[in-house]
Amino acid sequence: MLESNDILETLNMIREECLDVRTITMGISLFDCQSEDENRLCAKIYDKIMRHAKHLVRTGEDISKEYGIPIINKRISVTPVALLAGSLGRSGVIRIAQTLDKAAHELGVNFIGGYSALVQKGFTNGSRTLIESIPEALAQTERVCSSVNVASTKAGINMDAVALMAHIIRKSAELTRDRNAIGCAKLVVFANVPEDNPFMAGAFHGMGEPETVINVGVSGPGVVASAIRRAGEHSDLTEIAETIKKTAFKITRVGQLVARVASERLGVPFGIVDLSLAPTPAIGDSVAYILESIGLEKCGCPGTTAALAMLNDAVKKGGVMASSHVGGLSGAFIPVSEDAGMIEAAKTGALTIEKLEAMTAVCSVGLDMIAIPGDTAEAVIAGIIADEMAIGVVNYKTTAVRLIPAGKAGDMISFGGLLGEAPVIPVSGYSPEKMIRRGGRIPAPIQSLKN
């Protein structure tokens with residue numbers, strides 16, 4: 001039985017501290033939709049998504065009403081489209097993107113992920129075709145999200161793919177310039193991509209996943225910050241870590257409940273709970289504010305990386321006690337445009353791209369939702385991607401890059417909704433072009449030899 005104090009505490013988390021279930025994401029395998037006929041392929045993809053996800057949005061809304069838990073997004077992830085695209089040309093894979101977008105609109109889901117390719121070791125015909133089509137596909141759709149894995153600890157870093165993705169990012173920015181380069185906000189470059197991540201833009205339905213699955217992502221930066229403030233200034237860092245751990249346990253139990261109920265009602269297996277602290281632009285719902293509650297004058301100052309490492313570790317420890325199936329990314333996100341405290345820190349200059357890169361060594365994702373000057377050279381973008389991939393590869397962790405080249409340093413770029421707004425952060429003007437032009441693969445590190 002729940003104690004009355006526990007019930008009241010959970011209600012307070014929801015009403016005053018921005019606790020929510022950020023997403024229910026249904027994964028759907030498209031392997032049985034294979035066809036060499038483009039019309040047949042698209043028809044089978046559309047029919048399967050509509051058949052399996054027809055009750056997803058309504059089920060999420062019903063659970064939210066019954067349990068009083070805000071469920072912000074209902075999403076779909078599908079098999080990486082590059083795996084279906086071997087016999088298609090560019091127009092064919094773009095048509096698949098349009099089919100995914102049509103299904104997402106008709107079902108009422110917020111995003112659909114899986115316009116994706118895995119090229120950490122090299123390109124197939126389908127993966128190269130898909131990657132080259134990404135700028136047009138994202139410009140012509142509204143709810144489709146794209147991801148490309150260019151590195152892994154086992155394979156190393158595919159520098160040819162890194163250079164190509166820098167070009168794709170620039171092209172996506174150009175084709176959606178009239179919408180503040182929104183195409184880039186729906187595109188992420190990964191190292192060690194997880195196959196069960198429910199968060200966009202990186203979600204896809206991995207090759208080892210079941211036919212369909214329900215994955216849930218929870219969020220509660222505001223809850224954690226409030227708990228730290230209640231712990232008081234005299235608590236030492238061990239006590240603060242314990243407070244975070246206990247709070248993460250409670251947050252994850254909410255996600256576990258929603259995942260189990262959604263799984264039962266939809267008749268779809270429960271996959272994982274992603275216990276990430278995903279911020280929003282709402283005041284108070286900020287990972288940066290958690291770090292400042294620990295004792296930093298401003299997020300980005302010396303000590304930020306250490307505080308983030310402690311936060312990330314405590315969140316994971318609390319979450320794994322609350323659910324037997326934790327997966328996805330799980331930890332603390334630091335997307336600049338989506339976090340009110342990060343936005344404020346970047347505006348003041350306390351938070352630079354170099355400091356953000358250091359922070360990604362200890363958090364769950366990487367350089368996420370960062371606006372950089374629109375005239376940033378492709379080689380510089382490629383260098384930023386390569387640096388971030390190296391952090392992931394060497395540390396055996398997931399890292400990612402979601403950059404938006406738009407405007408000039410100091411401008412504010414607005415994307416709306418949960419994507420928020422971001423100050424354009426300056427980047428180094430010195431170029432790694434000669435290194436990028438060499439191409440090839442950076443070999444896997446020695447720690448990859450685990451067998």
Side-chain angles (χ1 to χ4, degrees), residues 14 18-30 45-79 97 99-116 141-147 185-186 196-206 209-220 251-252 254-276 278-280 282 285 325 327-329 333 338 416-419:
I14 293 168
C18 302
L19 174 63
D20 61 57
V21 169
R22 185 56 47 84
T23 180
I24 296 177
T25 300
M26 176 180 283
I28 302 173
S29 171
L30 300 183
I45 289 172
Y46 174 81
D47 290 344
K48 185 165 188 182
I49 293 171
M50 296 300 292
R51 183 170 69 254
H52 284 285
K54 61 183 176 181
H55 299 306
L56 176 63
V57 172
R58 189 183 69 196
T59 299
E61 291 171 347
D62 288 347
I63 294 170
S64 184
K65 289 175 184 175
E66 289 175 33
Y67 289 90
I69 301 168
I71 299 174
I72 307 302
N73 293 299
K74 297 85 183 174
R75 297 165 171 169
I76 296 169
S77 63
V78 299
T79 303
T99 300
L100 297 175
D101 201 48
K102 178 184 177 185
H105 273 277
E106 293 183 12
L107 291 167
V109 297
N110 306 90
F111 288 113
I112 185 165
Y115 199 73
S116 306
T141 59
E142 183 183 352
R143 305 188 187 194
V144 172
C145 290
S146 181
S147 59
K186 299 184 292 175
D196 55 4
N197 163 32
F199 287 99
M200 299 296 171
F204 66 85
H205 189 65
E209 295 292 300
E211 186 71 13
T212 54
V213 71
I214 287 292
N215 296 320
V216 166
V218 297
S219 182
I251 293 169
T252 307
V254 172
Q256 173 90 351
L257 168 65
V258 169
R260 289 290 186 191
V261 174
S263 170
E264 291 169 6
R265 294 188 183 181
L266 291 166
V268 173
F270 161 53
I272 57 94
V273 175
D274 187 316
L275 50 96
S276 297
T280 72
D285 198 27
H325 298 290
L329 296 162
F333 287 5
E338 300 172 24
L418 285 175
L419 295 176

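Scope of the values below: all heavy atoms of this structure, side chains included, with no hydrogens, waters or symmetry mates. The structure displayed is predicted, hence computed values, not measured ones.
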Would you mind writing out the side-chain donor-acceptor pairs for residues 49-62 within the sub-3.5 Å range, not counting sequence neighbours?
unit_1 : atom_1 : unit_2 : atom_2 : d
H55    : ND1    : R58    : NH2    : 3.3
T59    : OG1    : H55    : O      : 2.7

Can you give the donor-acceptor pairs under 3.5 Å from side chains of residues 262-276 to other protein atoms, not counting sequence neighbours?
unit_1 : atom_1 : unit_2 : atom_2 : d
S263   : OG     : V268   : O      : 2.5
S263   : OG     : F270   : N      : 3.2
R265   : NH1    : E66    : OE1    : 3.4
R265   : NH1    : E66    : OE2    : 3.0
R265   : NH2    : E66    : OE1    : 2.7
D274   : OD1    : S276   : N      : 3.1
D274   : OD1    : S276   : OG     : 2.4
D274   : OD1    : S330   : N      : 3.0
D274   : OD2    : L329   : N      : 2.6
S276   : OG     : S330   : N      : 3.0

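Between N110 and R143 the shortest side-chain heavy-atom distance does not fall below 4.5 Å. Here the side chains of E142 and H105 are in contact, with some heavy-atom distance below 4.5 Å.
Residues R75 and V109 share a closest heavy-atom pair of CA-CB, 4.2 Å. In terms of heavy atoms, P198 sits closest to A203 at C-CB, 4.1 Å.
With sequence neighbours excluded, the residues forming a side chain to side chain contact (heavy atoms under 4.5 Å, CB included) with S116 are P80, S147, F204, listed by chain and number. F199 meets the ring-ring contact (aromatic ring centres under 6.0 Å, His included) test with F333; sequence neighbours excluded. Remark: K48 engages D32, E211 in a side-chain hydrogen bond (donor to acceptor under 3.5 Å, both in side chains) (not counting sequence neighbours). For T23, the side-chain hydrogen bond (donor to acceptor under 3.5 Å, both in side chains) test picks out T25, with sequence neighbours left out.
Judged by distance alone, with hydrogens and angles left aside, the side-chain atoms of K186 form no donor-acceptor pair with the main-chain N or O of G113 at under 3.5 Å. Looking at S64, its side chain does come within 3.5 Å of a backbone N or O of I69 through a donor-acceptor pair.
Between the CD1 atom in I28 and the CD atom in E209 there is a gap of 13.0 Å [rounded to 0.5 Å]. Separation of atoms OG (S77) and CG (D196) is listed at 9.5 Å; rounding is to 0.5 Å. Rounded to the nearest 0.5 angstrom, H205 NE2 and T212 OG1 are separated by 7.0 Å. Rounded to the nearest 0.5 angstrom, I45 CD1 and L30 CG are separated by 5.5 Å. Y115 OH to T141 OG1: the interatomic distance, rounded to the nearest 0.5 Å, is 8.5 Å.
Each of I71, V218, I72 was compared with R22 under the side chain to side chain contact (heavy atoms under 4.5 Å, CB included) criterion, and only I72 meets it.
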task: Go through D101 and I112 one step at a time and tell me if the side chain to side chain contact (heavy atoms under 4.5 Å, CB included) criterion holds.
output: CA-CA 7 Å; D101 201 48; I112 185 165; 5.6 Å; no

task: Go through the steps to decide whether Y67 and L257 satisfy the test side chain to side chain contact (heavy atoms under 4.5 Å, CB included), and finish with yes or no.
output: CA-CA 10 Å; Y67 289 90; L257 168 65; 3.8 Å; yes

Full working for side chain to side chain contact (heavy atoms under 4.5 Å, CB included) between I76 and F111: CA-CA 7 Å; I76 296 169; F111 288 113; over 6 Å; no

